[in-house]
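The block underneath contains the structure these notes are about, expressed in structure tokens.
This chain uses plain numbering: 1 for the first residue, then up along the sequence.
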Amino acid sequence: MIVLQQSFHDEELLLNAFPKRIVSLVPSMSESFLHMGGLLVGRTSFCIEPKSMVASIPAVGGTKTPSLSKILALKPDLILANQEENLREHVETLSKDVPVWVSFPQTVSESLAVLHQMKQLVQNRQHAQERIAELEDFLTMRKDHSFRPKVAVAIWKNPWMFAGKDTYISHVVEASGGETVIQERRYPTMDIEDCLSLEPDLVILPSEPYAFGHQDQIELQQVCADRQINVACFCGEDLTWPGLRLANAMRSLQTLFVSCRSSG
């Protein structure tokens, strides 16, 4: 029997048989699952990594605009979903016909827990465990946290929104040696001047969910010209996709933090 921890209902999803036809509605889960050796018969149009693997997998619409008829036509025996990425109404409709595993990792440890549950869905569990072990080995490496830069991570512009304390983004920042300056829950809307008044050492502009780019970085650097605040673009997938790419996110953040210390 396969046991998967649900998020929506805080209960367990029990599978009596190994699922052979899996559809993923979560980009981060699709990526980690495929890298661990899993197979998918369907994915969303936002499940774009790993590119070489997803190209041949049929798309069933967006994360919040999936075609339920296309999903059911693939005759899945399991659907991967996420509490924040997918709409509850779609999950509840699909779950009338197909088991739906709803995850919602918000911390580094919860992300690892999802990966360990996910490996139950892979034929070659040894390969899957090896990929997870690589990440766990990285997480146990001793890190220099003597300098903890104060960090604000923007997720939207017009209006400006930032990652608050109880988000996966902030947990990754803090696990990497930073200190989140936004104390509000989830993703508060905040005037950029109010954010800068918190005196962050670093403002991060990730490429998703808002597609911040080099021009946004230049404009914000001009606003910060007379303040000792660094502004950096960052890979949005690294920062917002729980799973195997966590190690890459933390390496990149630690490199940024070293740059902050040098510039300070």
Side-chain angles (χ1 to χ4, degrees), residues 4-12 25-29 31-32 46 63-64 80-88 91 101-118 135-136 138-139 143 145 148-157 159-192 194-210 212 232 234-254 256-257 260:
L4 303 169
Q5 187 63 43
Q6 290 282 41
S7 174
F8 273 151
H9 306 295
D10 194 26
E11 59 188 25
E12 293 177 338
L25 304 181
V26 191
S28 60
M29 294 186 80
E31 179 186 48
S32 291
F46 295 102
T63 53
K64 289 182 170 57
L80 309 182
N82 177 276
Q83 182 173 322
E84 194 167 68
E85 290 275 356
N86 309 118
L87 298 182
R88 185 166 189 152
V91 169
W101 176 28
V102 183
S103 65
F104 189 34
Q106 298 182 78
T107 67
V108 170
S109 60
E110 288 174 1
S111 181
L112 282 172
V114 168
L115 290 174
H116 277 290
Q117 292 179 75
M118 192 186 295
L135 173 57
E136 290 177 324
F138 171 79
L139 293 175
K143 302 172 180 66
H145 288 176
R148 294 185 66 86
K150 295 187 292 182
V151 182
V153 180
I155 64 158
W156 206 258
K157 183 181 180 182
W160 284 91
M161 297 176 67
F162 296 84
K165 268 288 186 185
D166 60 341
T167 59
Y168 176 75
I169 292 173
S170 291
H171 277 279
V172 173
V173 166
E174 301 203 351
S176 303
E179 179 183 334
T180 303
V181 297
I182 308 297
Q183 299 299 310
E184 287 84 348
R185 298 184 70 252
R186 305 305 294 155
Y187 305 105
T189 300
M190 180 181 294
D191 185 83
I192 188 62
D194 290 335
C195 173
L196 299 181
S197 70
L198 298 174
E199 299 182 346
D201 299 298
L202 172 66
V203 177
I204 294 177
L205 304 178
S207 57
E208 74 161 55
Y210 184 91
F212 285 106
F234 202 87
C235 174
E237 290 85 356
D238 280 355
L239 202 53
T240 62
W241 286 18
L244 292 177
R245 66 166 61 223
L246 173 60
N248 189 55
M250 292 179 67
R251 286 191 191 96
S252 298
L253 284 171
Q254 288 160 11
L256 267 182
F257 296 166
C260 283

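Using modelled atom types, no side-chain atom of Arg148 and backbone atom of Glu179 make a donor-acceptor pair closer than 3.5 Å. Looking at Ser32, its side chain never comes within 3.5 Å of a backbone N or O of Gly243 through a donor-acceptor pair. A donor-acceptor pair under 3.5 Å is absent between the side-chain atoms of Lys64 and the main chain of Leu87, judged by distance alone. Under a 3.5 Å cut-off, the side chain of Ser207 and the backbone N or O of Gly236 do form a donor-acceptor pair.
With rounding to the nearest 0.5 angstrom, the CE atom of Met29 is 4.0 Å from the OG atom of Ser103. To the nearest 0.5 Å, the span separating CD on Glu85 from CG on Leu80 amounts to 12.5 Å. Note that CG of Leu246 and CG of Leu135 are 5.0 Å apart. Values are rounded to the nearest 0.5 Å. Atom CG of Asn86 and atom CZ of Phe104 lie 11.5 Å apart (nearest 0.5 Å). Distance check, rounded to the nearest 0.5 Å: CG of Leu4 to CE of Met118 gives 9.5 Å. Going from atom CD1 of Ile155 over to atom OG1 of Thr240 covers 10.0 Å, rounded to the nearest 0.5 Å.
In summary, the side chains of Trp101 and Gln5 do not present any donor paired with an acceptor at a separation below 3.5 Å, with no hydrogens or angles considered. Judged by distance alone, the side chains of Gln254 and Ser176 never bring a donor and an acceptor atom under 3.5 Å apart.
No side-chain heavy atom of Thr63 sits under 4.5 Å from any side-chain heavy atom of Val26. Counting heavy atoms from C-beta outward, Glu199 and Lys150 have side chains that approach closer than 4.5 Å. When side chains are defined from C-beta on, Pro242 does not count as touching Val114, because their heavy atoms never get closer than 4.5 Å. The closest side-chain heavy-atom distance from Glu136 to His116 is below 4.5 Å. Side-chain contact between Val151 and Phe257: present, with at least one pair of heavy atoms (C-beta onward) separated by less than 4.5 Å. Residues Leu112 and Ser109 have side chains not in contact (no heavy-atom distance under 4.5 Å, counting atoms from C-beta outward). The closest side-chain heavy-atom distance from Phe234 to Leu253 is below 4.5 Å. For the pair Ser170/Val153, no side-chain contact is recorded, criterion being any heavy-atom separation below 4.5 Å from C-beta on.
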>> Does Ser111 form a side-chain contact (heavy atoms from CB on, under 4.5 Å) with Tyr168? I'd like the steps, not just the answer.
In response: CA-CA 9 Å; Ser111 181; Tyr168 176 75; 4.2 Å; yes
>> If you apply the rule side-chain contact (heavy atoms from CB on, under 4.5 Å), what do you find for His171 with Glu110, and how did you get there?
In response: CA-CA 11 Å; His171 277 279; Glu110 288 174 1; over 6 Å; no
>> Checking Val91 against Gln83 for the side-chain contact (heavy atoms from CB on, under 4.5 Å) test, could you report, in this order, the C-alpha distance in whole Å, the side-chain angles of both residues, the deciding distance, and whether it holds?
In response: CA-CA 9 Å; Val91 169; Gln83 182 173 322; over 6 Å; no
>> One pair to check against side-chain contact (heavy atoms from CB on, under 4.5 Å): Arg245 and Glu31. What are the steps and the verdict?
In response: CA-CA 9 Å; Arg245 66 166 61 223; Glu31 179 186 48; 2.6 Å; yes
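Here Phe212 and Trp160 bring their ring centres to under 6.0 angstrom of each other.
Around the CZ atom of Phe46, the shell of radius 6.0 Å holds no more than 12 heavy atoms that belong to other residues, nucleotides or ligands.
The side-chain tip of Arg186 does not point at the ring of Phe162 from less than 6.0 angstrom away and within 45° of straight on.
Partner of Pro206 under the side-chain contact (heavy atoms from CB on, under 4.5 Å) criterion, out of Asp238, Leu239, Ile169: Leu239 alone.
With respect to Asp166 and Arg185, a salt bridge is recorded, a charged nitrogen being found less than 4.0 Å from a carboxylate O. For Lys165 and Glu174, the salt-bridge test passes: some basic side-chain N is under 4.0 Å from an acidic carboxylate O.
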